There are 2 protein chains.
Amino acid sequence: MRGTLNKELVIRLLKYRRILTQLKSLGFEKVFSNNLGDAIGVAPALVRKDFSLLVLGGNKRGGYNIDYLSEQLGLILGKTNEQKIIILGMGKIGTAIAQYKGFLQGDFEVAAGFDVRPVGLPESLSLKVYPIEELAAFCNANSIQVAILAVPEEVATESHKLLKDSGIRGILNFTPVELKTTPNCIIHNINIGVEIENLFFQVIRNGLSGA
Amino acid sequence: MRGTLNKELVIRLLKYRRILTQLKSLGFEKVFSNNLGDAIGVAPALVRKDFSLLVLGGNKRGGYNIDYLSEQLGLILGKTNEQKIIILGMGKIGTAIAQYKGFLQGDFEVAAGFDVRPVGLPESLSLKVYPIEELAAFCNANSIQVAILAVPEEVATESHKLLKDSGIRGILNFTPVELKTTPNCIIHNINIGVEIENLFFQVIRNGLSGA
DNA sequence: ATTTTATTGTACTAAGTTTCACAAAAACTT
DNA sequence: AAGTTTTTGTGAAACTTAGTACAATAAAAT
């Protein structure tokens with residue numbers, strides 16, 4: 001079953017889960033496919049299809065039960081709580097991500113930062129920054145599997161190698177260098193420059209009809 | 001022709017252009033479809049298909065001419081140089097992006113930052129941070145079309161409205177709230193939390209075969 | 001109890017995208 | 001000059017994904 005979960009579907013499921021958590025905290029008990037569709041920006045039929053594929057049933061007029069859905073999605077997606085990540089490259093982007101509010105909501109924890117210089121640590125943050133020489137030992141000792149890469153472009157490739165050699169199995173790459181997934185290490189590239197160029201292109205193409 | 005450029009294709013074209021710029025600076029004159037495919041992580045046949053679609057020809061054994069390709073991609077994608085953006089929300093993420101090295105390479109310029117408080121400006125950065133009351137006037141006076149949204153989650157929705165009311169036509173959204181594209185304003189959502197959850201899921205599913 | 005309404009579940013349809021496979025052609029070799 | 005190699009260009013196939021439309025059915029209303 002899980003072999004059939006493609007990338008886009010997984011992202012939708014993660015988003016459903018986030019919405020469900022919010023709805024639950026608001027005291028809601030059930031939800032309809034069009035609510036979820038609206039919330040994550042897809043058609044209601046696709047929501048139903050997704051749940052149908054996962055054999056998560058709803059009630060013909062009562063929609064879906066939020067508790068049940070949350071629970072089942074938890075089983076399928078796994079609990080990410082208590083998962084730990086490290087950040088390699090504690091420059092502006094790295095430290096910003098370390099303090100990202102979304103992480104404080106209990107999704108996962110930044111276990112440590114690493115940099116060439118053990119510097120620039122904002123005092124308010126209870127996060128230690130170690131020199132990169134200690135990366136492999138730390139990852140090993142703490143079973144770290146996932147890392148954020150936020151080093152300067154010039155050292156992206158060598159940092160990538162370093163992470164792989166430290167046993168890291170997944171990297172969220174914020175450098176502009178396009179890293180490639182291998183059987184041992186999954187890469188997700190976030191290229192902010194390309195994202196903005198892309199946005200400009202879409203905006204210009206979209207024209208000024210409404211301005 | 002441009003109507004046929006879908007989202008993924010545009011991203012590939014932007015990536016080709018970046019690679020070509022790098023190759024040119026290294027003194028290369030021609031490039032093969034497999035080089036470009038390797039560089040951006042797609043099959044060579046797709047590279048050729050892309051260029052074929054855009055009627056960008058290569059030489060049957062000599063590959064593609066880098067200068068020509070660069071020039072033509074420039075015509076298709078538009079020059080993003082000299083484009084200006086603003087950042088709404090000058091917290092950690094906002095200021096980090098303002099200082100992002102990739103932007104300094106001349107792709108575009110951060111014209112100003114905006115925040116509820118005109119505070120926290122790093123002195124080394126020649127960027128002014130204005131109170132949000134001035135947002136609409138500034139965007140109007142400077143013809144700003146694209147913005148980065150990096151405010152706290154709680155004020156994401158109202159900030160979104162504010163940007164639209166200020167004439168912004170494209171938003172790169174770093175808040176966890178899923179904003180939706182409208183005819184007048186294109187949204188690209190970057191949800192770091194979801195990205196990390198997704199990475200964890202892929203890593204766990206991928207198993208530990210190589211560790 | 002019957003009718004109406006709202007919503008799920010899914011077979012079918014449609015569209016889009018990537019990969020495959022190979023002919024065509026240019027450049028190089030002998 | 002003939003043959004060999006390399007690389008493009010592309011039609012066809014395969015795959016994937018999303019959308020449509022409607023039957024089934026549960027709940028609500030009368």
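Fair warning: this is a prediction, and the values are worked out from it, not measured in the lab. The sequence lines fix the lettering, A, B, ..., with proteins before strands; numbering per chain opens at 1.
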### Distance in angstrom units between A:Phe51 CZ and C:dT7 P, rounded
16 Å
### Message
For a quick check of understanding: with a heavy-atom distance under 4.0 Å over all strands, which category does A:Ala43 fall into, base, sugar-phosphate or nothing?
### Response
sugar-phosphate
### Query
Whole Å only: how far is the CG atom of A:Leu46 from the P atom of C:dG9?
14 Å
### Length of the CG-P vector between A:Leu13 and D:dT17, whole Å
13 Å
### Interatomic distance where NZ belongs to A:Lys30 and C1' belongs to D:dA28 [whole Å]
11 Å
## Note on the structure
Atom CG of A:Asn59 and atom P of C:dG9 are separated, to the nearest Å, by 8 Å
## Note on the structure
Regarding the side chain of B:Arg61, the nearest nucleotide among D:dT17, D:dT6, D:dG19 is D:dT6
### Message
Need one value for A:Gly62: base, sugar-phosphate or nothing, where a base atom within 4.0 Å counts as base even if backbone is also close, heavy atoms only.
### Response
nothing
#### Entry: A:Tyr16: which of A:Leu77, A:Thr21, A:Val47 passes side chain to side chain contact (heavy atoms under 4.5 Å, CB included)
A:Val47
### Task
Return the nearest nucleotide to the side chain of B:Arg48; candidates are D:dT20, D:dA18, D:dT10.
D:dT10
### Query
Base, sugar-phosphate, or nothing for B:Tyr64, non-hydrogen atoms under 4.0 angstrom?
sugar-phosphate
### Query
Less than 4.5 Å apart, any side-chain heavy atom of A:Leu179 and any of A:Leu149?
yes
### Query
Over how many whole Å does the gap from B:Asn34 atom CG to D:dG9 atom P extend?
14 Å
### Query
To the side chain of B:Lys49, which of D:dA24, C:dT19, D:dA18 is closest?
C:dT19
#### Entry: Full working for side chain to side chain contact (heavy atoms under 4.5 Å, CB included) between B:Arg17 and A:Glu197
CA-CA 11 Å; B:Arg17 182 165 69 175; A:Glu197 287 181 6; 3.7 Å; yes
### Message
Taking the nucleotide of DNA chain D with the nearest heavy atom to each, does A:Lys7 or B:Phe32 sit closer to the 5' end?
### Response
B:Phe32
### Query
Counting N and O atoms only, with roles assigned by atom type, does the side chain of B:Asn191 sit under 3.5 Å from a partner on the main chain of B:Gly193, one being a donor and the other an acceptor?
yes
### Message
Please evaluate residues A:Asn173 and A:Thr175 with respect to the criterion side-chain hydrogen bond (donor to acceptor under 3.5 Å, both in side chains), reporting the C-alpha separation (whole Å), side-chain torsions for both, the decisive distance (0.1 Å), and the verdict.
### Response
CA-CA 6 Å; A:Asn173 171 34; A:Thr175 78; 2.8 Å; yes
#### Entry: Rounded distance in Å - CD (B:Glu8) to C1' (D:dC15)
16 Å
### Message
In whole Å, I'd like the distance from the CG atom of B:Asn6 to the P atom of D:dT16.
### Response
18 Å
### Query
The side chain of B:Ser52 lies closest to which of these nucleotides: C:dT7, D:dT10, D:dG9?
D:dT10
